[in-house]
Structure formats: C-alpha cells, structure tokens
Undergrad: 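Quick one: the structure is below, and I'll ask about it shortly.
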There are 2 protein chains.
Amino acid sequence: MSGEDNLLRLVEAEEPDENNYHLQDQVGFILRKAHQRHVAIFAAHIADLTPPQFAALAKLYDIGETSQNQLGTLIAMDAATVKGVIDRLKARGLVELSKHEVDKRRLLVNLTPEGREAIERLIPLARAITEETLAPLTAKEAATFLRLLAKLA
Amino acid sequence: MSGEDNLLRLVEAEEPDENNYHLQDQVGFILRKAHQRHVAIFAAHIADLTPPQFAALAKLYDIGETSQNQLGTLIAMDAATVKGVIDRLKARGLVELSKHEVDKRRLLVNLTPEGREAIERLIPLARAITEETLAPLTAKEAATFLRLLAKLA
DNA sequence: TTGATATCATTTGCATACGAATGAATTTGC
DNA sequence: GCAAATTCATTCGTATGCAAATGATATCAA
C-alpha cells in the first residue's frame, strides 16, 4: 500500500478506529465472559451444587453457625438472594435453621452432618476448579491476575 | 518467637493454614464480586438499560442487521437468553425484527432509528463506566489486567 | 419512656443465565 | 434425491441477582 493510499484512508474515514467502541475490549464484557467460563468449569466438576450454594456451605464450614443476613454479607449476596440459596440447601438437608434466642429477628444457619460431609468431599474438587480456571495463565501471571482482580472486587 | 514455639505450633495445628480452603481467595468468588461491582457501576451511569441489553445494541450498531442466533454468539448469550433480551428491546422500540428471505429459520434483528440514537448517546457513558471500573488500577496495571483477563475469558 | 431509626427477614417483580426438549427449516452424506 | 444430521428459534423449568416494599424486632435519643 502506498503513502497516498494511507493518506486517502485517513481523509475518507468517517470514524477513525480510535473513536470506535468495541464491546469485546470492554472490561465489563470480558469480565462477564470470564465469569461464565468459570461457572461452566465449576458445573463440569460439581454437578449437583451451584457456585453460590457451594460458597454458602464453604463459609459455614469456615466460620460455623451464623445468621442468614451475616452469611449473605460474607458471601456477597443480598438478603433476597441468600434466602433462596439457603432455602434450597435446607430442602436438601445440607443446612438447618434455628431462631436466635436473644434477637428474635435473626435466623441462624448451620451445616447439618450431611452438609459438613458434603463440603469436606467437595473442597478438593473446588481446588481443581480454581486450578482449571487459571490454567490459561502461567503461575506468575495467575498471581498477578489474582492480585489485580482483588483490587477491582 | 523461639524455635520451640514454631515446632509446637506445627505439632499442635490440626489444620495448617496451607490446608485450609479460603473462599475469599478463590478466583471464582473474586470474579463474581468484581462482576457484581461492575454491574453496579453500570447501573449508576445507565439506569434504563442492563449490560446485556447494552451489549446487544452496541453489537448491532457495530455490525448492522444480523440473526438473533448470530447476535447471541457475538455477545456470549445462549439462544434462550438472547431471546429474552431482544424481546425486551423490541418492546421498547429499540430493535425491530424481520424474517430472513432465504433461510426461513432465521429471525433478523436490527436497530430502529430510536435504537441507533440511544446507543450513540450511551457509548460515551459506557466509556466512563469502563474507566470507573478500572479506577482502582494504575494505567499499567489495567493494561496487564485486561490482557490476562482476556486470556481467561 | 417513648418515638424515631435501624436491622433482619420476607415477598414481589423483573432480568439474566443455562440445560433440556421441541418443531421447523436447511444442509450433508451417501 | 433422500434420510440423517445440523441449525435456528422457542418454550419450560430452575437458579441467581437486585430493587423496593413490608412487617417484626431491636436500638437510639430526646
């Protein structure tokens, strides 16, 4: 291509490339796709539990009995969402609910023995899910990525 | 701390820290939170459209008329999801649908003049959304992050 | 103490998101 | 040229995710 052609292209271009909006370059769009891919990897390893359900069990395993509201805060779910997640875990016998003795507003959530057995069985699979999600990156890249991602979250 | 103390800690520890599972360090959990934060930033700037709806309009603005299915592929939505998004955009008069003349299976989607006006008005806001989402990072960090995120997505 | 606030949980409504099943139309393979 | 496989769109069911409204309870403050 000649210099004249380049000049012509610049003159004729109604919208220079720098002014175009490319959805596929936007952080929000890529974030959504990366999240989708992770959920698919999760489902391939753990078919009978969703990531939010797993998060609830893992957090209860970590900290023990807590209120539904507090659990929601810890796993980044609003009150309406956490209620649905806990309801489904309760229906499957993985958590049990009880009323707080002192503060009658609070609904306490705890693992059942079945729930504890389940999360202990699943945690090794969760480590594999993390590993597979990060597999496109080298170890050094993964560390950098996690550091920067945490700053955004 | 003495050497004996370190030895004691190792002997007494039932679960050394390296063996514990910390939800808040897992890539999937942080990815979910980062995505949540982005959606909240989006909603603060563009109240009358969701990110998927915006993605559909932006992609149609970029490539012009296309089939519903093809659009779904381009914006990473399965057929069931894209149908709902397009239905709602159609109900608001931002896109119009027509049948493909040759391939009678296909449903063509295109921007209406109102849809075109809307996306042209919103793209500057979308740039601000991207900027605010990446604000916790320096310019160099943001570039690194986007590069690694793209490898994951 | 009591009236205003705040917190906890629930419910409703709307919008993704995806698997699975279905039907219509097209393309492929022999 | 025709049966099999594929593609496109739709529908149903289930599960987040969040805003807004509501009711019960608890805390704060004058």
Side-chain angles (χ1 to χ4, degrees), chain A residues 28-29 31-44 46-57 66-92 94-95 97-109, chain B residues 28-29 31-44 46-57 66-92 94-95 97-109:
Chain A
F29 183 71
L31 218 37
R32 177 169 149 272
K33 288 214 298 176
H35 182 247
Q36 281 178 355
R37 173 172 168 271
H38 167 75
V39 172
I41 292 171
F42 188 101
I46 301 179
D48 59 342
L49 226 50
T50 65
Q53 290 167 0
F54 176 85
L57 294 184
T66 187
S67 74
Q68 191 173 273
N69 218 45
Q70 174 66 9
L71 179 61
T73 299
L74 293 171
I75 59 180
M77 286 178 212
D78 74 7
T81 301
V82 79
K83 185 189 189 311
V85 172
I86 293 304
D87 278 355
R88 285 180 284 275
L89 291 175
K90 176 171 182 281
R92 293 173 54 178
L94 299 176
V95 302
L97 304 179
S98 57
K99 289 179 181 173
H100 192 286
E101 283 303 309
V102 177
D103 187 340
K104 295 178 186 172
R105 294 170 305 178
R106 296 189 199 175
L107 187 62
L108 296 175
V109 189
Chain B
F29 183 71
L31 217 38
R32 177 168 150 271
K33 289 214 298 176
H35 182 247
Q36 280 179 356
R37 173 172 169 270
H38 167 75
V39 172
I41 291 171
F42 188 102
I46 299 179
D48 60 342
L49 225 50
T50 64
Q53 288 167 1
F54 175 86
L57 295 184
T66 188
S67 74
Q68 191 174 272
N69 217 47
Q70 174 66 8
L71 180 62
T73 300
L74 293 171
I75 59 181
M77 286 177 212
D78 74 6
T81 301
V82 79
K83 184 188 189 314
V85 173
I86 293 304
D87 279 354
R88 285 180 285 275
L89 291 175
K90 176 171 181 279
R92 292 173 55 179
L94 300 177
V95 302
L97 305 179
S98 57
K99 289 179 182 172
H100 193 286
E101 283 302 309
V102 176
D103 188 339
K104 295 179 184 171
R105 294 170 306 178
R106 296 191 198 173
L107 187 62
L108 295 175
V109 189

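The chains referred to below are lettered A, B, ... by the order of the sequence lines, with proteins before strands, and numbering in each begins at 1.
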Undergrad: Mind running side-chain contact (heavy atoms from CB on, under 4.5 Å) on A:Leu108 and A:Leu97 for me, showing each step along the way?
TA: CA-CA 6 Å; A:Leu108 296 175; A:Leu97 304 179; over 6 Å; no
Undergrad: By the 4.0 Å heavy-atom rule, please label A:Thr50 as base, sugar-phosphate, or nothing.
TA: sugar-phosphate
Undergrad: Counting only side-chain heavy atoms from C-beta out, which of D:dT6, C:dA6, D:dT16 sits nearest to B:Arg105?
TA: D:dT6
Undergrad: Can you tell me how far P of C:dC18 sits from NZ of A:Lys33, to the nearest Å?
TA: 12 Å
Undergrad: Start at the 5' end of DNA chain D and walk down; is the nucleotide closest to A:Met77 or to A:Lys104 reached first?
TA: A:Met77
Undergrad: When you measure from the side chain of B:Ala80, which nucleotide among C:dT10, D:dC8, D:dC12 comes out closest?
TA: D:dC12
Undergrad: What nucleic acid atoms does B:Val85 come within less than 4.0 Å of, heavy atoms only: base, sugar-phosphate, or nothing?
TA: sugar-phosphate
Undergrad: Measure from NZ on B:Lys99 to C1' on C:dT26 and round the result to the nearest Å.
TA: 16 Å
Undergrad: Could you give the CG-to-P distance, from B:Asp48 to D:dA19, as a whole number of Å?
TA: 16 Å
Undergrad: Between A:Arg105 (side chain only) and A:His100 (backbone N and O only), is there a donor and an acceptor less than 3.5 Å apart?
TA: no
Undergrad: Classify A:Asp78 by what it touches in the nucleic acid, base, sugar-phosphate, or nothing, heavy-atom distance under 4.0 Å.
TA: base
Undergrad: Out of C:dT10, C:dT16, D:dC18, which has the shortest distance to the side chain of B:Gln36?
TA: D:dC18
Undergrad: Within the 4.0 Å heavy-atom criterion, would you say A:Val102 contacts the bases, only the backbone, or no part of the nucleic acid?
TA: sugar-phosphate
